[in-house]
Structures are given as structure tokens and as C-alpha cells.
A.B. asks: 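One structure coming up, written as C-alpha cells, with questions to follow.
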Amino acid sequence: MGLKIGAVAAGFTRDLEFDLSRVEALIRHGRREEVELLVLPDAVLGGYLNDLSNPALDDLPPALTLDDPLISKVIAMAGEMVVCFGFCEADGPDRYNTALCVTGDGVLGRHRKVHQPPGERTIYAAGNKFAGFDTPVGRIGMMIDYDKTFPEAARALAVDGADVIACLCAWPTSITNRAARMNEDRQSRLFDLYDRSRAAENQVVLVSSNLTGSIGGLRFLGQSKVVGPGGDIVARTWSKAGIAIAEVDVRAEIETARRVLHHLGERRPEVY
């Protein structure tokens, strides 16, 4: 029996009530489609930064603590479904770009974004680890957008036993050289390249979600997808909002991919 996975592409704003209603609608849609693992984008509660070169300090995403009632509402909405979502986390004086994985029973896993582009460093503190965690649908690891640029991030999760890696993104088109057509944009190509490479080199299932629409000067790519352990795209949304849904027999697919060439087992860490 396969695992039904949904990768969401959608837009979110500074209006938390609007965002919460959109999350509810997406979870409801996923439930109708019998999705068991739903991966929402980064920054679904409060949106992302409005600029990566010089973020406006008077227009930052609202920072929420883990015990905020809005987080509790998302947990309740999840019910039996495993749901991953991103938000700006407040922890004392620090802000973190954070992803949570939850069911109705509570928090299963948390990841704070480790790798930061220049604009984020002035706003967010950095996380300091990559770790897998067990869920009702198997062992999962999480990354947040720029994390996937670094092969070591996904590799650390795969080595820690994650069969599925959820990458929650707020990934925009190129800031310095935006193409007229989104599918020709340099960041569009890189976004897909990283998704497929991280899945193939670790022989895992990768679920990539991303924002759509615009915030400030940033225009987001969408392109949410489910990628198999051979690097093949199983389902995708392209640039429009929606949910890419795929049913994947995760263990069978991984075992097939690793039957002859087992990348994790054939590593030579002592020479790297």
C-alpha cells in the first residue's frame, strides 16, 4: 500500500486569520483526496520577508511561539493527517524560520532553518542541526528552502534514517536577473535541479512545497512537487497554486533504487 503525499503551492500574507483559513481549506482538500502526508510551504502563517536585500523592519512576518493559539489550531486541523508547515518562530529575543510537523496529537518534529541567504541573517537566528523523526507515516526529515542548496543537509537527514524529506520553501524568482517567463528563470531551473538531485543522490522521496504569488518585491515560483528516489518527478504543480498529489510505496521505491547501487552504504566519509 502506497503513501498518499500532497505537496502544496499557495500564497500567504501578513493576515494571520486569512492564512489560517487557507491552511484549513488546503487540509480539507487533502483530506478529501485521502492525503496522509501534506507538506505546506514555508511561511504559511504570516508570509515571508518582503525583500531579501534590505527587509523592511516595519513589515516583518509576525513571530509566534510554539504555544501560540494559531499553532494549536493548525494541530487540531491536522487530525489524523501528518502536516508540515512553516512560520516565523519567536524564542525569547530571537526569531527563527521554522518548520513544524504535526498531527492532531501534537508536534512530531521541528526544524529551524540552518542555511541563510544574506537578507535573512539580519532577521532570523540560524538553526544548528538536521535530524530525522518518526511519524505515523514513517521516518521524515525537514529542510527549509535554502537548506536544499547544500548537499550535506539532505545527506544528514538520509543518514539519520529519513525515507521522506520534506522541503518547505519560500523560494522566489531571481532577484538580480529575473526572466520574462518564469520557466526560463535561473532560480526556476535551480529549484527543480536541487529537488531532483537531493532525492537521487540519497535515494529517498523528496516532497518540495513552495509559495506562489508575491510579497513586496519577491515573486515566488510555486513548482511544488513529489520526487521519487531515482530523481523522477512523480507529481508537480508547475507555477500555479494547487496540490501535487502522488501515491508512493516509499519503502518499495527506496529498496528498488538501492538494490544495486546503495549510495549511503557506498560512501567513503574518511576520504572526503
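Because only heavy atoms are used, hydrogens play no part in the values below, and waters and symmetry mates are left out as well, while side chains stay in.
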A.B. asks: Does Thr256 reach the main-chain N or O of Ala252 with its side chain, forming a donor-acceptor pair under 3.5 Å?
C.D. replies: yes
A.B. asks: Kindly assign one of parallel, tilted or perpendicular to the pair His115 and Phe150, based on the angle between their ring planes and the thresholds 30° and 60°.
C.D. replies: parallel
A.B. asks: For atom CD of Glu34, is the number of surrounding heavy atoms from other residues, nucleotides or ligands below 6.0 Å larger than 12?
C.D. replies: no
A.B. asks: Between the side chain of Arg22 and the main-chain N/O of Gly11, is any donor-acceptor distance below 3.5 Å?
C.D. replies: yes
A.B. asks: Under 4.5 Å between any side-chain heavy atoms of Leu49 and Leu60, yes or no?
C.D. replies: yes
A.B. asks: Look up atom CZ in Arg14 and atom CD1 in Ile215, then write down how far apart they are to the nearest 0.5 Å.
C.D. replies: 5.5 Å
A.B. asks: Hey, does Leu20 have a side-chain heavy atom less than 4.5 Å from the side chain of Val74?
C.D. replies: yes
A.B. asks: Could you walk me through whether Leu26 and Val23 pass the side chain to side chain contact (heavy atoms under 4.5 Å, CB included) test, one step at a time?
C.D. replies: CA-CA 5 Å; Leu26 289 162; Val23 169; 5.6 Å; no
A.B. asks: Show the numbers, then the answer: is there a side chain to side chain contact (heavy atoms under 4.5 Å, CB included) between Leu38 and Ser209?
C.D. replies: CA-CA 9 Å; Leu38 186 71; Ser209 59; over 6 Å; no
A.B. asks: Within this structure, what is the OG-CZ distance for the pair Ser208 and Arg236, rounded to the nearest 0.5 Å?
C.D. replies: 10.0 Å
A.B. asks: Nearest heavy-atom pair of Ala199 and Gly228: which atoms, and what distance?
C.D. replies: CB-O, 3.5 Å
A.B. asks: So, do Thr237 and Ile243 sit near enough that their side-chain heavy atoms are less than 4.5 Å apart?
C.D. replies: no
A.B. asks: Provide the closest heavy-atom pair for Ala78 versus Arg31 in the form atom of the first, atom of the second, distance.
C.D. replies: O-NH2, 2.8 Å
A.B. asks: Check whether the side chains of Asp185 and Thr173 place a donor and an acceptor atom closer than 3.5 Å, and report yes or no.
C.D. replies: no
A.B. asks: Take the angle between the ring planes of Trp171 and Phe191 and call it parallel below 30°, perpendicular above 60°, tilted in between.
C.D. replies: perpendicular
A.B. asks: So among Asp42, Asp145, Asp147, which one has a side-chain hydrogen bond (donor to acceptor under 3.5 Å, both in side chains) with Lys113?
C.D. replies: Asp145
A.B. asks: When you look at Lys148 and Cys169, which way does the side chain to side chain contact (heavy atoms under 4.5 Å, CB included) test go after all the steps?
C.D. replies: CA-CA 10 Å; Lys148 74 179 178 182; Cys169 299; 4.1 Å; yes
A.B. asks: Under a 3.5 Å distance rule, please check whether Arg139 uses its side chain to pair with a backbone N or O of Gly132 as donor and acceptor.
C.D. replies: yes
A.B. asks: Going by side chain to side chain contact (heavy atoms under 4.5 Å, CB included), Pro41 matches just one of Val8, Thr212, Leu168. Which one?
C.D. replies: Val8
A.B. asks: Identify whether Phe220 and Leu40 are in the same connected component of the hydrophobic contact network (ILVMFWY, side-chain heavy atoms under 4.5 Å).
C.D. replies: yes
A.B. asks: Is a side-chain donor or acceptor of Arg258 paired with a backbone partner of Gln203 at a separation under 3.5 angstrom?
C.D. replies: yes
A.B. asks: Just by distance, do the side chain of Asp160 and the backbone of Phe130 share a donor-acceptor pair under 3.5 Å?
C.D. replies: no
A.B. asks: With a 4.5 Å heavy-atom cut-off, do Val44 and Phe87 have their side chains touching?
C.D. replies: no
A.B. asks: Would a 4.5 Å heavy-atom cut-off, applied to side chains only, mark Val207 and Val164 as touching?
C.D. replies: yes
A.B. asks: Kindly indicate whether the side chain of Phe12, heavy atoms from C-beta on, has any atom under 4.5 Å from the side chain of Leu45.
C.D. replies: no
A.B. asks: Go through the side-chain N and O atoms of Tyr124 and Glu89 and say whether any donor and acceptor fall under 3.5 Å apart.
C.D. replies: no
A.B. asks: Before you tell me yes or no, could you show the steps for Leu66 and Arg110 under side chain to side chain contact (heavy atoms under 4.5 Å, CB included), namely the whole-Å CA-CA distance, both residues' side-chain angles and the distance that decides it to 0.1 Å?
C.D. replies: CA-CA 10 Å; Leu66 289 182; Arg110 178 180 65 173; 3.3 Å; yes
A.B. asks: Rounded to the nearest 0.5 Å, what's the gap from NZ on Lys4 to CD1 on Ile245? Could you check?
C.D. replies: 6.5 Å
A.B. asks: With a 3.5 Å distance limit and no angle check, can you tell me whether Asn210 reaches the backbone of Gly222 through a side-chain donor-acceptor pair?
C.D. replies: yes
A.B. asks: With a 4.5 Å cut-off on side-chain heavy-atom distances among I, L, V, M, F, W and Y, is there a chain of contacts connecting Leu264 to Leu157?
C.D. replies: no
A.B. asks: For the backbone of Asn54 and the side chain of Asp51, can you confirm whether one donor and one acceptor N or O come within less than 3.5 Å of each other?
C.D. replies: yes
A.B. asks: When Glu253 is tested against each of Val234, Val204, Val248, Asp163 for side chain to side chain contact (heavy atoms under 4.5 Å, CB included), which residue passes?
C.D. replies: Val248
A.B. asks: Find the distance between OG (Ser21) and CE (Met77) and round it off to the nearest 0.5 Å.
C.D. replies: 8.0 Å
A.B. asks: Would Leu218 end up clustered with Leu211 when hydrophobic side chains under 4.5 Å apart are linked, directly or stepwise?
C.D. replies: yes
A.B. asks: Could you tell me whether the side chains of Asp15 and Thr13 share a donor-acceptor contact shorter than 3.5 Å?
C.D. replies: no
A.B. asks: Less than 4.5 Å apart, side chain to side chain, heavy atoms only: is that true for Leu57 and Ile123?
C.D. replies: yes
A.B. asks: Mind checking whether Phe85 and Leu206 sit in one hydrophobic cluster, side chains of I, L, V, M, F, W, Y counted as touching below 4.5 Å?
C.D. replies: no
A.B. asks: Would you compute the distance between atom OH of Tyr146 and atom CG of Asn97 and round it to the nearest 0.5 angstrom?
C.D. replies: 14.0 Å
A.B. asks: State plainly whether one hydrophobic cluster holds both Ile140 and Ile254, where clusters connect Ile, Leu, Val, Met, Phe, Trp and Tyr through side-chain heavy atoms under 4.5 angstrom apart.
C.D. replies: yes
A.B. asks: If we check side chain to side chain contact (heavy atoms under 4.5 Å, CB included) with Leu108, which of these qualifies: Val82, Val102, Val83?
C.D. replies: Val82
A.B. asks: Compare all side-chain heavy atoms of Val205 with those of Pro229 and state whether any distance is below 4.5 angstrom.
C.D. replies: yes
A.B. asks: CZ of Arg155 to CD of Glu201: how many Å apart, nearest 0.5 Å?
C.D. replies: 6.0 Å
A.B. asks: If you compare all heavy atoms of Gly30 against all heavy atoms of Met81, which two are closest, and at what distance to 0.1 Å?
C.D. replies: C-CE, 3.9 Å
A.B. asks: Ignoring hydrogens and angles, tell me if any N or O in the side chain of Arg112 forms a donor-acceptor pair with the backbone of Lys129 under 3.5 Å.
C.D. replies: no
